[in-house]
There are 2 protein chains.
Amino acid sequence: MLRLSKLTDYGVVVLTRLAAGSQAGRVVAVPELAQATGLQEPTVAKVLKILGQAGMVEGMRGARGGYRLTRPLDAIPLSEVIIAFEGPIALTACVEGSAASCESSGLCPVHGRWEPVNRAVRATLERITVADLVAPEPIASYRQNALTL
Amino acid sequence: MLRLSKLTDYGVVVLTRLAAGSQAGRVVAVPELAQATGLQEPTVAKVLKILGQAGMVEGMRGARGGYRLTRPLDAIPLSEVIIAFEGPIALTACVEGSAASCESSGLCPVHGRWEPVNRAVRATLERITVADLVAPEPIASYRQNALTL
DNA sequence: GGAAATCGGACGCAATGGGTCCTATTTCAG
DNA sequence: CTGAAATAGGACCCATTGCGTCCGATTTCC
């Protein structure tokens with residue numbers, strides 16, 4: 001587990017397909033993207049709305065409208081996509097809400113100690129971009145320096 | 001989100017409390033642990049069963065029975081706890097099950113590309129031990145070398 | 001022999017994510 | 001000027017799954 005939602009996965013797929021289909025600022029409509037990805041149109045629409053609110057894609061209304069990327073894929077860190085679909089990256093509920101929500105805070109020896117872990121995971125996800133996920137060859141960049149797999 | 005389950009959180013809490021209560025090989029029973037952590041007895045029991053199957057704690061049956069750690073906390077990486085409660089660390093369902101389960105594998109450009117990401121997150125979680133979560137002071141060890149926060 | 005534990009499994013409730021649909025708004029084409 | 005085509009934003013229902021609980025079986029100490 002530790003699984004991210006399907007929507008997030010769809011988000012990455014749609015982003016990559018959008019990059020392939022919208023060269024030179026051309027916009028791509030939902031039906032075409034649904035066709036290309038094999039996903040349902042309503043689902044693709046929902047994903048694009050979320051990506052739009054997060055500022056990764058830009059929607060053009062009206063006939064001949066559609067979506068296009070606001071940035072190249074290598075300028076979109078994976079963490080940004082995940083945050084858009086799932087909210088702040090935090091492994092436990094303790095840290096994100098109010099500290100008072102943890103009823104056993106007085107007894108819990110791990111109280112507040114998860115935050116460094118969250119930062120570590122966050123940093124890991126910030127170093128990987130969406131472009132890395134479509135690279136046809138094994139990725140060397142974040143393999144060597146940053147993440148030291 | 002990207003949230004791990006409450007059981008996993010409980011697991012860490014119980015492990016740390018067990019370490020505090022079972023000095024010198026003494027075993028600690030469920031009621032005492034429940035008392036000390038503020039969790040319900042059945043829940044603590046369930047958590048300990050899972051930790052036991054994963055080999056992190058050892059259960060002694062019969063009267064005067066209880067649980068004890070099989071290893072010090074600094075020998076238990078966080079990844080091991082997470083895997084025990086949530087299964088293999090994989091961000092998407094694509095990679096863990098059969099590849100055929102992804103219906104749009106022919107269209108999906110990200111197909112199989114998540115695995116390096118999984119490895120990165122996995123590596124991050126392997127470097128942090130349960131002992132790091134109870135350290136009273138800000139952790140320097142994995143802050144400098146391994147994770148470069 | 002009885003009490004006090006763990007062990008293993010099964011069961012039901014609640015919450016969260018996933019997928020769909022509807023309406024309003026915008027824009028291009030004829 | 002009208003209609004078609006597209007996005008924008010929200011609301012809704014359903015399926016899944018995690019969570020908590022409980023029960024019976026087994027083991028061990030007093």
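Chain letters run A, B, ... following the sequence lines, proteins first and then strands; every chain starts at 1.
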Out of curiosity, L133(A) CG to L73(A) CG, how far, rounded to the nearest 0.5 Å?
9.5 Å

Which value, rounded to the nearest 0.5 Å, describes the distance between L18(A) atom CG and E58(A) atom CD?
11.0 Å

Nearest heavy atoms of G55(A) and R71(A), plus distance in Å:
O-NH2, 3.6 Å

Taking the side chain of L7(A) as its heavy atoms from C-beta onward, which of dA5(C), dT27(C), dG18(C) lies nearest to it?
dG18(C)

V30(B) side-chain proximity, nearest of dT27(C), dC19(D), dT6(C)
dT6(C)

Gap between atoms [atom1] and [atom2], on [X] and [N] respectively (whole Å):
X      : N       : atom1 : atom2 : value
Y10(A) : dG17(C) : OH    : C1'   : 11 Å
Q40(A) : dC21(C) : CD    : P     : 9 Å
L39(B) : dT21(D) : CG    : C1'   : 14 Å
R3(A)  : dT16(D) : CZ    : C1'   : 12 Å
E86(A) : dG17(C) : CD    : P     : 8 Å
F85(B) : dG20(D) : CZ    : P     : 12 Å
D9(B)  : dG18(D) : CG    : P     : 16 Å
K6(A)  : dG17(C) : NZ    : P     : 14 Å

Is it the case that the side chain of [X] and the backbone of [Y] share a donor-acceptor pair, with hydrogens and angles ignored and the cut-off at 3.5 Å?
X       : Y       : value
T16(B)  : V12(B)  : yes
T124(B) : A120(A) : no
R26(B)  : G21(B)  : yes
T37(A)  : V14(A)  : no

Among residues 51-60 of chain A, which ones have heavy-atom contacts with DNA chain D below 4.0 Å?
Q53(A), G59(A), M60(A)

Does anything in residues 63-70 of chain B come within less than 4.0 Å of DNA chain D? Heavy atoms only, and list the residues if so.
A63(B), R64(B)

Are any non-hydrogen side-chain atoms of T8(A) and E86(A) less than 4.5 angstrom apart?
yes

Any P77(A) side-chain heavy atom under 4.5 Å of L125(A) side chain:
no

Do any N or O atoms of the protein come closer than 3.5 Å to N or O atoms of nucleotides 12-15 of chain D, and which pairs are they?
none

Distance below 4.0 Å between T43(B) side-chain N/O and dC19(D) OP1 or OP2:
no

Pick base, sugar-phosphate or nothing for K49(A), based on heavy-atom distances below 4.0 Å to the nucleic acid.
base

Within the 4.0 Å heavy-atom criterion, would you say L48(B) contacts the bases, only the backbone, or no part of the nucleic acid?
nothing

Can we say R122(A) and E115(A) salt-bridge, meaning some charged N sits less than 4.0 Å from an Asp/Glu carboxylate O?
yes

Closest nucleotide of DNA chain D for A29(A) versus for G62(B): which of these residues is on the 5' side?
A29(A)

